[in-house]
Amino acid sequence: MEVSMLCTRVSLLILILSLCSPYKFIQSPMDFGPLNLLPTTTTASSDFGRILFHAPAAVLKPQSSSDISLLLSFLSGSSLSKVTVAARGAGHSIHGQAQALDGIVVEMCSLPAEIEFYKGGEISYADVSGGVMWIDLLEQSLKLGLAPRSWTDYLYLTIGGTLSNAGISGQTFKHGPQISNVLQLEVVTGRGEIVTCSPSKDADLFNAVLGGLGQFGIITRARILLQEAPQKVKWVRAFYDDFSTFTKDQELLVSMPDLVDYVEGFIVLNEQSLHSSSIAFPANVDFNPDFGTKNSPNIYYCIEFAVHDYQHKNTEVEQVVEVISRQMSHMVSQLYSVEVSYFDFLNRVRMEEMSLRSIGLWEVHHPWLNMFVPKAGINDFRDLLMDNVSPDSFEGLILIYPLLRDKWDTNTSVVLPDSGSTDRVMYVVGILRSANPEGGCSHHCLQELLRRHSRIADTAGVHLGAKQYLAHHPTPSGWHQHFGWRWERFAERKTWFDPLRILGPGQGIFPRRGDNAAYGR
């Protein structure tokens, strides 16, 4: 065993020297004893955004946390090393956040897909490998009549990936983001230490990693809080032609957590946005709006909410929906509802994905922008948004729905808008745009969309106090501004847990000392 470890360290040193040379690529698998670093792959240098393509020098497919620890321990102990490491889950990043130019990408899905359940009288949870996807946890937990409380809209993402950001969806107003529903983590720090942490044990690391953008450690295991799963869901949609009425009703819904289990909403800009958002909604929606003209568009809005149906509890779900809907001010006769299984409801975006794949519109550019917007600025943000999109030609979806501040733990690394009042409500807005090169969106077109989104983010940040979610900033100074008064704590945590700045190079937050202008930053 000692000989094997020695060989591994010698081989890693050879790798580091090769990565620091002018010839930074590996042409064949390299055997490092317990580790097996592989040549770079197309997958490791790309992501869902399809905007940046930064090739690593090597790929690690770990079989255990110890494999990751061995790699990081050696890199953190080598004064010669400028090698960086990025953990990659399902690759759903937009701006290369899980890429490592000339570094090493750790493919987290290679970890054994272990899920262990504990079902108790007062609390139930699942211990899950960081590379497991949420869809797999859902499928396994439902067999026990359980499910996580908080979700993302798309389930083909890894546990570690979403916990490194926040993890939000329509349940967030009620249960908080996914990072508020974690009891314990196993983390490999940038020093290579394997640490089990929780709110009561190594809490600094626990809080740093949650929403930490992969800067402090790699999540290799998580203990996820579970609840009883409903059998069915009553899924309701209501349409609006007035933005203020739309947001007022959304805020009404999130004020009723005892009745409502899920709240989201979206802007209906054109026929395409109406159709694409209705693929997974298995009801006949007789909504035929007049979208006006290019110079004088009519904009509509849709709220969707859901009520869980625990059939053994004899809940009168229809009556609950009636009680809720009577208090709403949607367009006359424009409320639709349908009953679906809990699994199909949570997995609804998968149907949209399969539809887009079937017509070749899934693997295209996705210049997405997500913003947290204070309640006081949401009307101005809507106006800013409309000044920067063309409703008649917009391809994609614009999500908008309220969240509640007190459901978020401010000790984590997530950045929320500063609260200038006692208002609990803030909004998340997701501009989920597609840009198809074969459909006419060339490189110039894509760059123009990115500039528009940058303009929206900058203007909303300066004038409305908004903050990016799944943030992208092209310079370290942009990150300083993003974190604001939180920067000192974030930077201090970096010095504690990843002092050589090995982890998360694709974010561009902490360029390694002596680095050149890699990543265009």
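For the single chain, residues carry numbers from 1 onward in sequence order. Only heavy atoms go into these numbers, but all of them, side chains included; no hydrogens, no water, no symmetry mates. Worth saying up front: this structure is predicted, and the values here are computed from it rather than measured.
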Only residue of Asn379, Ile378, Asp380 satisfying side chain to side chain contact (heavy atoms under 4.5 Å, CB included) with Leu464 is Asp380

Could you tell me whether the side chain of Arg348 and the main chain of Tyr154 form a donor-acceptor pair under 3.5 Å? no

Strictly distance-based, threshold 3.5 Å: is any side-chain N or O of Thr459 a donor or acceptor partner for the main-chain N or O of Ile456? no

Open item on the list: Determine whether a donor-acceptor pair (N or O, by modelled atom type, separation under 3.5 Å) exists between the side chain of Lys467 and the backbone of His482.
Closed with: yes

query = Does a side chain donor of either Asp153 or Ser169 reach within less than 3.5 Å of an acceptor in the other side chain?
reply = yes

Nearest heavy-atom contact between Thr152 and Leu155 is O-CD2, 3.5 Å

Counting C-beta onward and ignoring hydrogens, is there a side-chain heavy-atom pair between Val236 and Ile324 closer than 4.5 Å? no

**Aromatic ring pairing Phe291/Tyr300, orientation class (parallel under 30°, perpendicular over 60°, tilted between)** = perpendicular

For His308 and Val233, the nearest pair of non-hydrogen atoms, with its separation, is CD2-CG2, 4.0 Å

ask   = Can you check whether Trp487 reaches Ile509 side chain to side chain, under 4.5 Å on heavy atoms?
value = yes

**Request:** Give the intermediate values and the outcome of side-chain hydrogen bond (donor to acceptor under 3.5 Å, both in side chains) for residues Glu339 and Trp235.
**Result:** CA-CA 6 Å; Glu339 185 179 74; Trp235 187 4; over 6 Å; no

Q) Do Asn388 and Leu385 touch side chain to side chain, with heavy atoms closer than 4.5 Å? A) no

Taking everything shown except Lys174 itself, do over 12 heavy atoms lie less than 6.0 Å from its NZ? yes

- Message: Is any side-chain heavy atom of Thr247 closer than 4.5 Å to one of Tyr427?
- Response: yes

Go through it in stages, so that I can follow the logic: the residues are Ile94 and Leu470, the test is side-chain contact (heavy atoms from CB on, under 4.5 Å), and I'd like the CA-CA distance, side-chain angles, deciding distance and then a yes or no. CA-CA 8 Å; Ile94 300 301; Leu470 308 176; 5.9 Å; no

query: Any donor-acceptor pair under 3.5 Å linking the side chain of Asp409 with the backbone of Ser180?
result: no

Under a 3.5 Å cutoff, is there a donor and acceptor pairing between the side chains of Asp286 and Asn288? yes

Margin query: Is a donor from one side chain sitting under 3.5 angstrom from an acceptor on the other, for Trp134 and Thr162?
Written below: yes

Is there a donor in the side chain of Asp344 and an acceptor in the side chain of Ser341, or the other way round, less than 3.5 Å apart? yes

Exercise. Going by heavy atoms in the side chains, are Leu137 and Pro148 under 4.5 Å from each other?
Worked result: yes

Rounding to 0.5 Å, atoms CG (Asn347) and OH (Tyr156) come to a distance of 4.5 Å

Taking the side chain from Glu264 and the backbone from Gly170, do they hold a donor-acceptor pair closer than 3.5 Å?
yes

Contact check, side chains of Asn270 and Leu274, non-hydrogen atoms, under 4.5 Å: no

Interatomic distance, OG1@Thr245 vs CE@Met328, rounded to 0.5 Å, equals 11.0 Å

Checking side-chain polar atoms at under 3.5 Å, does Tyr301 have a donor or acceptor matched by the opposite partner on Gln250?
no

Quiz item: Are the side chain of Glu448 and the backbone of Arg452 linked by a donor-acceptor contact shorter than 3.5 Å?
Solution: no

**Item:** Whether Asn165 side chain and Gly167 backbone form a donor-acceptor pair below 3.5 Å
**Value:** no

Notebook entry, point to check: Can a salt bridge be assigned to the pair Asp418 and Arg486 using a cut-off of 4.0 Å between side-chain N and carboxylate O?
Noted result: yes

Exercise. Hey, does the side chain of Asp47 reach the backbone of Arg50 with a donor-acceptor pair shorter than 3.5 angstrom?
Worked result: yes

- Would you indicate whether Gln447, at its atom CD, is surrounded by more than 12 heavy atoms from other residues, nucleotides or ligands within a distance under 6.0 Å? yes

To the nearest 0.5 Å, atom OG of Ser164 lies from atom CD of Gln97 at 11.5 Å

Neighbour count >12 (heavy atoms, 6.0 Å) for atom NE2, His275
no

dist Thr172:OG1 -> Trp408:CH2 (nearest 0.5 Å) comes out at 6.5 Å

Side-chain (Glu251) to main-chain (Asp249) donor-acceptor, under 3.5 angstrom: no

Fill in: Residues Thr475 and Ser477: side-chain donor-acceptor under 3.5 angstrom
yes

Here the pair of heavy atoms bringing Tyr401 nearest to Val263 is CD1-O, 3.7 Å

Do we see a donor-acceptor contact under 3.5 Å between the side chains of Trp151 and Gln178? no

Just so I know, are the side chains of Ile400 and Arg382 near enough to count as touching, which here means a heavy-atom distance under 4.5 Å? no

TODO: Name the orientation class of the two ring planes belonging to His92 and Trp368 (parallel below 30°, tilted from 30 to 60°, perpendicular beyond 60°).
DONE: perpendicular

Separation between CD1 (Ile398) and CZ (Arg433), nearest 0.5 Å, reads 7.5 Å

*asked:* Using 30° and 60° as the class boundaries, would you call the ring planes of Phe48 and Trp362 parallel, tilted or perpendicular?
replied: tilted

- Any side-chain donor-acceptor pair under 3.5 Å between Asn181 and Arg149? yes

Heavy atoms of Val260 and Tyr262 approach each other most closely as CG1-O, 3.5 Å

Would you say the side chains of Tyr240 and Gln334 form a donor-acceptor pair under 3.5 Å? no

Heavy-atom closest pair (Val132 atom, Asp136 atom, distance to 0.1 Å) is CG1-CB, 4.0 Å

Closest non-hydrogen contact found for Leu446 with Ala435 is CD1-CB, 4.4 Å

Test item: Leu259 and Val307 side chains (from C-beta on) under 4.5 Å apart, heavy atoms:
no

Exercise. Determine, stepwise, if the pair Met108 / Ile68 fulfils side-chain contact (heavy atoms from CB on, under 4.5 Å).
Key: CA-CA 10 Å; Met108 297 301 293; Ile68 302 172; 4.1 Å; yes

### Query
Under 3.5 Å, is there a donor-acceptor pair between the side chain of Arg237 and the main chain of Val338?
no

ask   = Charged N to carboxylate O below 4.0 Å: is that the case for Glu107 and Lys61?
value = no

For side-chain contact (heavy atoms from CB on, under 4.5 Å), just list the numbers for Ile218 and Val187, CA-CA rounded to whole Å, side-chain angles, deciding distance to a tenth of an Å, and then say yes or no. CA-CA 5 Å; Ile218 295 176; Val187 175; 5.9 Å; no

* **Stepwise side-chain contact (heavy atoms from CB on, under 4.5 Å) check, Phe173 with Lys407** => CA-CA 7 Å; Phe173 83 94; Lys407 297 295 182 178; over 6 Å; no

Separation between CD1 (Ile219) and OG1 (Thr158), nearest 0.5 Å, reads 8.5 Å

